[in-house]
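Bear in mind the structure is a predicted one, so any value in this text is a computation, not a measurement.
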Amino acid sequence: GDHNTIMFDHPATGQVAYNWNDSKSQGKETIVPRVLILVKRNDDELLKVAADAVRDLTMTGEINVMVSPDVAAKFSHYYSVDNNKIQLFDPNPVPGFGGN
């Protein structure tokens, strides 16, 4: 929704925590929980771990996974991880923040 935000206060680590509740209904719309997976660039071992986690998350239960377009392409090409529960996360860059 309009009030969902992500703020990065500290560097990322290799730790991952999963926490979600069952899908909830609001009126006629069912809200499916989503998780955003961020993968460090140029780390093939971590990419495989993330691909395995995404495969498990999307094949069991009702959860959608968001990944960047380049990571989604690598999941599909190298690990055959591709289904309709994987959504693309492509935020607009903020001027003066981040970069390659």
- Item | Where at least one partner belongs to residues 69-81, residue pairs that pass side chain to side chain donor-acceptor pair (under 3.5 Å), sequence neighbours excluded | S68-D70
- Task: Could you tell me which residues satisfy side-chain hydrogen bond (donor to acceptor under 3.5 Å, both in side chains) with K40, sequence neighbours excluded, listed by chain and number?
- Result: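 Here no residue qualifies.
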- Residue list, salt bridge (charged side-chain N to carboxylate O under 4.0 Å, His left out) with D52, at least two apart or on another chain: K48, R55
- Answer whether the closest heavy-atom distance between the side chains of V71 and I37 falls below 4.5 Å.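 Not touching, per the 4.5 Å side-chain cut-off.
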- Item | Partner set under side-chain contact (heavy atoms from CB on, under 4.5 Å) for N83, not counting sequence neighbours |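 For N83, the residues satisfying side-chain contact (heavy atoms from CB on, under 4.5 Å) (neighbours in sequence not counted) are T58, K85, I86.
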Cluster check [X], [Y]: I/L/V/M/F/W/Y, side chain < 4.5 angstrom:
{"X": "V49", "Y": "V81", "value": "no"}
{"X": "L88", "Y": "V39", "value": "no"}
{"X": "M66", "Y": "L38", "value": "yes"}

- Taking all non-hydrogen atoms of both residues into account, name the closest pair between P69 and F89 and its distance.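 Of all heavy-atom pairs spanning P69 and F89, the closest is CD-O, 3.5 Å.
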